[in-house]
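Here the structure is laid out as structure tokens; the discussion comes afterwards.
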Protein chains: 2
Amino acid sequence: MNIGQASKASGVNAKMIRYYESIGLIPAAGRTPAGYRVYTDAEVNTLRFIHRARQFGFPMERIRLLVGLWRAHQPSREVKQVALKHMAELERRIVELTAMRDALKELADHCRGDHQPECPILRDLAGSKTPGAAAQAA
Amino acid sequence: MNIGQASKASGVNAKMIRYYESIGLIPAAGRTPAGYRVYTDAEVNTLRFIHRARQFGFPMERIRLLVGLWRAHQPSREVKQVALKHMAELERRIVELTAMRDALKELADHCRGDHQPECPILRDLAGSKTPGAAAQAA
DNA sequence: ATGGGGATTCCCATCGTTGTAAGGTCAAGG
DNA sequence: CCTTGACCTTACAACGATGGGAATCCCCAT
């Protein structure tokens, strides 16, 4: 199996496969005499694992951890701990973005959006010393 | 006003002020004979505007746009349009992250988290061909 | 043998921010 | 006058993960 086939089978872009190898997330693949990378089913499984973990938003370093736990059949406590930590970070980010969206919505809702330059959004950006002013007004 | 004072007054890191200048987001500041950058109150206001826009998560290119609209007293319609586009992107990201968190929570909730290696999280990462399997099972 | 598709390596760009290194400048105090 | 420390200057690199492209090479089929 060469890198193109491994890519299709795992869902991981060929370019990314080489990158994962370069950062040591996966061991260096075998090579044909001509220098082409060769992948076994087991290696494709690992790539699929990584791909799926990326879909969950896990950062590479945590994926490195997860792959290690997986291959070494470590206690599920360890795995769960990593997952919970990631979920907490997702949650943090969600809260952040939601706050941005809501604050912005508050301003946009009061913006006429017509031909006149007067605009609560610009007023807030330009002048607000107290970031919560819009929310407080709401 | 030198860059340190402008930084404190605007909330924008001095390093970032130089960066914003380098990418043309703000015009090059005046200089003292010794080469120190000098800032007026108006320039600090612009920096504060940028700082606030960053807090709303606006990417630089959109901030460049907003600063332009602001300074040229353009119709609020333009401003609102930019804000709405950004809100839509925030929303997209929120939905993405929420889906990740929920799917992960579903798996973590069913993980014993004990000394045994058996773990729904790893099972999903390793084997799921259908990304929605966990959600469907729920 | 020729062509096309796929492989290789290497470099560059993203986006916003931070860090570091090596220097110049200013103001205060001994 | 000299030192000290805080501040400024430029320039370069790194981050995380990915995409793009160039130049070259390999394999297979016609």
Side-chain angles (χ1 to χ4, degrees), chain A residues 1-26 28-39 43-44 46-67 85-86 89-90 92-93 96-97 100, chain B residues 1-26 28-39 43-44 47 49-67 85-86 89-90 92-93 96-97 100:
Chain A
M1 218 171 191
N2 63 22
I3 201 170
Q5 298 165 318
S7 170
K8 259 180 212 149
S10 66
V12 180
N13 191 298
K15 205 120 190 194
M16 281 301 101
I17 297 180
R18 297 194 192 95
Y19 171 68
Y20 294 158
E21 181 182 313
S22 82
I23 64 171
L25 177 59
I26 55 176
R31 300 282 183 137
T32 69
Y36 281 24
R37 287 177 180 78
V38 181
Y39 294 90
E43 287 167 322
V44 169
T46 300
L47 286 173
R48 201 166 15 228
F49 183 102
I50 293 168
H51 180 58
R52 185 98 183 98
R54 282 299 300 146
Q55 292 182 330
F56 278 110
F58 282 100
M60 300 311 304
E61 278 317 302
R62 256 201 255 282
I63 291 179
R64 192 189 297 267
L65 214 58
L66 286 174
V67 171
K85 209 170 285 181
H86 179 52
E89 280 168 23
L90 286 174
R92 246 199 307 280
R93 191 83 187 113
E96 274 181 23
L97 295 179
M100 290 178 189
Chain B
M1 219 177 193
N2 64 19
I3 201 171
Q5 297 164 319
S7 170
K8 257 178 215 151
S10 66
V12 179
N13 191 298
K15 203 119 193 197
M16 284 299 101
I17 297 179
R18 297 195 193 95
Y19 171 68
Y20 294 157
E21 180 182 315
S22 81
I23 64 172
L25 177 59
I26 55 176
R31 302 280 183 139
T32 68
Y36 283 23
R37 286 177 180 78
V38 181
Y39 294 89
E43 287 166 323
V44 168
L47 287 172
F49 182 102
I50 294 169
H51 180 59
R52 185 100 182 98
R54 284 298 300 149
Q55 291 182 330
F56 277 111
F58 282 100
M60 300 312 304
E61 278 317 303
R62 256 201 254 283
I63 292 179
R64 192 190 298 268
L65 213 58
L66 287 174
V67 171
K85 208 170 286 181
H86 179 53
E89 281 169 23
L90 287 175
R92 248 198 305 281
R93 191 84 188 112
E96 273 180 22
L97 295 179
M100 290 178 189

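Every value quoted in this text rests on a predicted model; they were computed, and no experiment measured them.
Sorted by first and then second residue, the pairs that involve residues 58-67 of chain B and meet salt bridge (charged side-chain N to carboxylate O under 4.0 Å, His left out), not counting sequence neighbours, are Glu61(B)-Arg64(B), Arg62(B)-Glu89(B). Applying the side chain to side chain donor-acceptor pair (under 3.5 Å) test to pairs two or more places apart or on separate chains, those with a residue in residues 3-21 of chain A are Glu21(A)-Arg37(A).
Where the helix from dA1(C)-dT30(D) to dG30(C)-dC1(D) starts and where it ends, the local axes point in directions that differ by 40°; five pairs per end, rounded to 10°.
When DNA chain C is scanned in the 5' to 3' direction for atoms under 4.0 Å from non-hydrogen atoms of chain B, the outermost contacting nucleotides are dG16(C) to dC26(C).
Scored by the side-chain hydrogen bond (donor to acceptor under 3.5 Å, both in side chains) test, Arg93(A) finds Glu96(A) as partners (sequence neighbours excluded). Listed by chain and residue number, Phe58(B) satisfy the ring-ring contact (aromatic ring centres under 6.0 Å, His included) test with His86(B) (two or more places apart in sequence, or in another chain).
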In the 5'-to-3' direction, what one-character label does each nucleotide of nucleotides 25-30 of chain D receive under the scheme B = base within less than 4.0 Å of a protein heavy atom, S = sugar-phosphate only, - = no such atom? -BS---

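The nearest whole Å value for the distance from the CG atom in Leu47(A) to the C1' atom in dT18(D) is 16 Å.
Looking at heavy atoms from C-beta onward, Gln55(A) lies out of side-chain contact with Met100(B) at the 4.5 angstrom threshold. Side chains of Ile17(B) and Ile26(B) form a contact here, defined as non-hydrogen atoms less than 4.5 Å apart.
The structure places CG of Leu90(A) at 14.0 Å from NZ of Lys85(A), a figure rounded to the nearest 0.5 Å.
For residues 13-24 of chain A, proximity to DNA chain C is found at Arg18(A), defined as any non-hydrogen atom under 4.0 angstrom from a strand atom.
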